[in-house]
Amino acid sequence: MTERLRVAVLDYDAGNVRSAKRGFDAAGADASITGDPKVADRAQVLVVPGVGHFASCLAQLRRSGLERLLRSWIEAERPVFGICVGMQLLYEGSDEGDEPGLGLLAGRVERFPPEAIVPHLGWDVVHAAEGHEDDPLLHGVAGERLYFVHSYYAVPAAHEPVVGRCSYGGVDFPCLVRQGSVVGTQFHPEKSGIVGQRLLENWLAELT
Amino acid sequence: MDGLSVRVIPCLDVTGGRVVKGISFVDLRDAGDPVELARTYDREGADELCFLDITASSDAREIMLDVVERVADEVSIPFTVGGGMRSVEDARRMLHAGADRISFNTAAVERPELLAEAAAAVGSQSIVVAVDARRREPDDPAAGWEITVHGGRTRTGIDAVSWCARAEALGAGEILLTSMDRDGTKTGFDLDLLRTVTDAVGIPVVASGGAGTADHLADGALEGGASAVLAASIFHFGELRIRDVKRGMAARGLPVRMVPEAG
């Protein structure tokens, strides 16, 4: 049996860390929850859950010293997985507060139009973005429903990192992005049943 | 069918860490174990679960935290926890234990600012307001609905529709709307109530109270405008299987999430 990847789920009081740990464990990893940058740095994979407010998530990350860790991992091209606001943080900024994002991805995060029922809450269909139909992350995932809960969505300035997309409230937005060693999902793979587990398995398989 | 699916949510009443209403639809080792039931509903294709702590004394809070942790460790679908939530701290602890959303009921009616404080602390998307509504005149929807608290035992005189709008403005991210007139009757949701509320708010509304058939659930979405439909006994007693309910809803043209039959 192959060694299970050691995954650190970052606990910065802004995400469902317990479920993220369960999701990665179920997908075959050895996940633990930590808010200590030194402990997290010893893992092989970082998971950044994120629920709530974009700017408060960033502020919390900054306070806890985890933002610096995250930046150093991204620079060193070590594997990082951002979930929900954890994905949005990869962009340059958001309508939800003035804190700048990590800026790994070009684009900004905006609020759904007022006529949409917000949050976008529930199971919605993930489509392969044009040209990414063969991305291994999407095997057994494209065309399926995954669980979303968010009021803001990313408006990408570059389309290359967008692997999967979703449509809601009259907008088409990225829900699966990848740039170098970093992957982000707007949906919650850890809450998306067997399909979500498959996505995590697809990614972990690339890393081993 | 494309588009956001209508969520089907079984609701489990819990007291002292045990599910109270007997559950008889499958051969369960322990029909009172919330974790085993949650796992079963996850497998059956439930889109979400709702746990209602009906004891809600301070001891019960600790027991419920333990239940929430164990459920979070076992299921791969989201779940909401409600019953006796009184403070931002209650919400934080439940979310940290692994719940996805917290529902406030009586405490929010008594002190509406609680919703704003909770939304600021953990985000609107994690805050549900549970509204137990009762018709002022049983046969006249034009007379409106008032909210009741303490599990429906106390009438407040407060208009249910304006309360829903206010809860949204304060920061609630979802409304769990129960018709106390229809609860337990299996005669269908109060569609007048649902439609009036869904027309008045811009957040998702979960229909609850009265569903007895798959068509009732479909009506909640099609005629009532609900984003999700919740039921308890019809699922627990095996009268309806989640899968069959979803087939029925799909036949009415609603988008639903189907899961593969366990092999």
Side-chain angles (χ1 to χ4, degrees), chain A residues 11 13-23 25-27 33 50-54 56-57 84-85 96 112-127 140 143-152 166-169 187-198 200, chain B residues 1-9 42-43 45-48 68-80 92 94-101 119-128 168 172-175 198 201-206 225-228 255-260 262:
Chain A
D11 186 2
D13 199 25
N16 193 331
V17 287
R18 203 173 178 104
S19 297
K21 171 182 155 46
R22 188 211 56 77
D25 282 341
I33 297 168
V51 169
H53 194 269
F54 182 94
S56 356
C57 280
C84 196
V85 179
E96 195 179 23
F112 280 114
E115 59 276 15
I117 292 176
V118 169
H120 174 220
L121 169 52
W123 299 76
D124 214 337
V125 182
V126 171
H127 300 278
E144 300 285 343
R145 292 180 183 279
L146 289 100
Y147 175 72
F148 290 80
V149 52
H150 60 123
S151 304
Y152 292 77
C166 181
S167 295
Y168 182 74
F187 52 82
H188 289 265
E190 79 285 11
K191 287 286 177 182
S192 294
I194 190 70
V195 179
Q197 182 177 324
R198 209 175 286 149
L200 296 180
Chain B
M1 187 179 303
D2 213 352
L4 188 63
S5 63
V6 178
R7 289 170 283 146
V8 176
I9 310 174
D42 184 356
R43 224 172 22 236
D47 296 311
E48 195 172 307
V68 167
E69 289 185 348
R70 290 189 297 127
V71 170
D73 289 344
E74 294 286 338
V75 306
S76 59
I77 54 173
F79 63 99
T80 297
R92 273 191 196 284
M94 285 296 172
L95 293 171
H96 201 262
D100 295 276
R101 266 170 272 146
V122 301
S124 284
Q125 76 294 322
S126 301
I127 301 301
V128 180
E168 176 187 14
E174 185 172 61
I175 295 168
T198 55
V201 301
I203 54 179
V205 175
V206 182
S227 298
V256 293
R257 161 186 170 254
M258 297 305 291
V259 297

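By convention in this document, chain letters (A, B, ...) are assigned in the order of the sequence lines, proteins followed by strands, and residues within each chain are numbered from 1.
- Between chain B and the options A:Pro114, A:Ser19, A:Gly143, A:Gly122, heavy-atom pairs under 4.5 Å are most frequent for A:Gly122.
- Across all non-hydrogen atoms, the minimal contact from B:Ile203 to A:Ile117 is C-CG2, 3.6 Å.
- In this structure, no portion of A:His150 lies under 4.5 Å from any heavy atom of chain B.
- In summary, the aromatic rings of A:Phe187 and A:Tyr147 are positioned with their centroids too far apart to meet the 6.0 Å limit.
- In terms of non-hydrogen atom pairs under 4.5 Å with chain A, the most contact-rich of B:Arg101, B:Met258, B:Glu168, B:Arg92 is B:Arg101.
- Heavy-atom distances place no part of B:Ala228 under 4.5 Å from chain A, backbone and side chain included.
- Residues B:Pro78 and B:Asp100 share a closest heavy-atom pair of CA-OD2, 3.2 Å.
- Residue with the most contacts toward chain B among A:Asp124, A:Leu121, A:Val17: A:Leu121 (heavy-atom pairs, distance under 4.5 Å).
- Contacts between B:Val75 and chain A at a heavy-atom distance below 4.5 Å involve the backbone alone (N, CA, C, O).
- Looking at B:Val201, B:Thr198, B:Val206 one by one, the single match for side-chain contact (heavy atoms from CB on, under 4.5 Å) with B:Ile175 turns out to be B:Val201.
- Proximity to chain A is limited to the side chain of B:Arg7, based on heavy atoms less than 4.5 angstrom apart.
- Across every non-hydrogen atom of A:Arg22 and B:Glu74, the tightest pair is CD-N, 3.8 Å.
- For A:Pro119 against A:Val149, the heavy-atom pair with the smallest separation is CB-CG2, 4.4 Å.
- Residues A:Leu200 and A:Ala27 share a closest heavy-atom pair of CB-CB, 3.7 Å.
- Residue A:Ala26 does not touch chain B at all, counting heavy-atom pairs closer than 4.5 Å.
- Heavy atoms closer than 4.5 Å to chain B are found nowhere in A:His188, neither backbone nor side chain.
- Remark: the backbone N or O of A:Phe112 is not paired with any side-chain donor or acceptor of A:Glu115 at under 3.5 angstrom.
- If you measure heavy-atom distances from B:Ala121 to chain A, you find no contacts under 4.5 Å at all.
- Within the 4.5 Å cutoff, side-chain heavy atoms of A:Arg145 are placed close to those of B:Ser5.
- Within the 4.5 angstrom heavy-atom criterion, only side-chain atoms of A:Asp11, from C-beta onward, approach chain B.
- At a 4.5 Å heavy-atom cutoff, the contact between A:Val51 and chain B is made by backbone and side-chain atoms alike.
- For A:Ser151, no part lies near chain B; criterion is any non-hydrogen pair under 4.5 Å.
- Note: B:Glu69 leads B:Glu69, B:Glu48, B:Glu174 in heavy-atom pairs under 4.5 Å with chain A.
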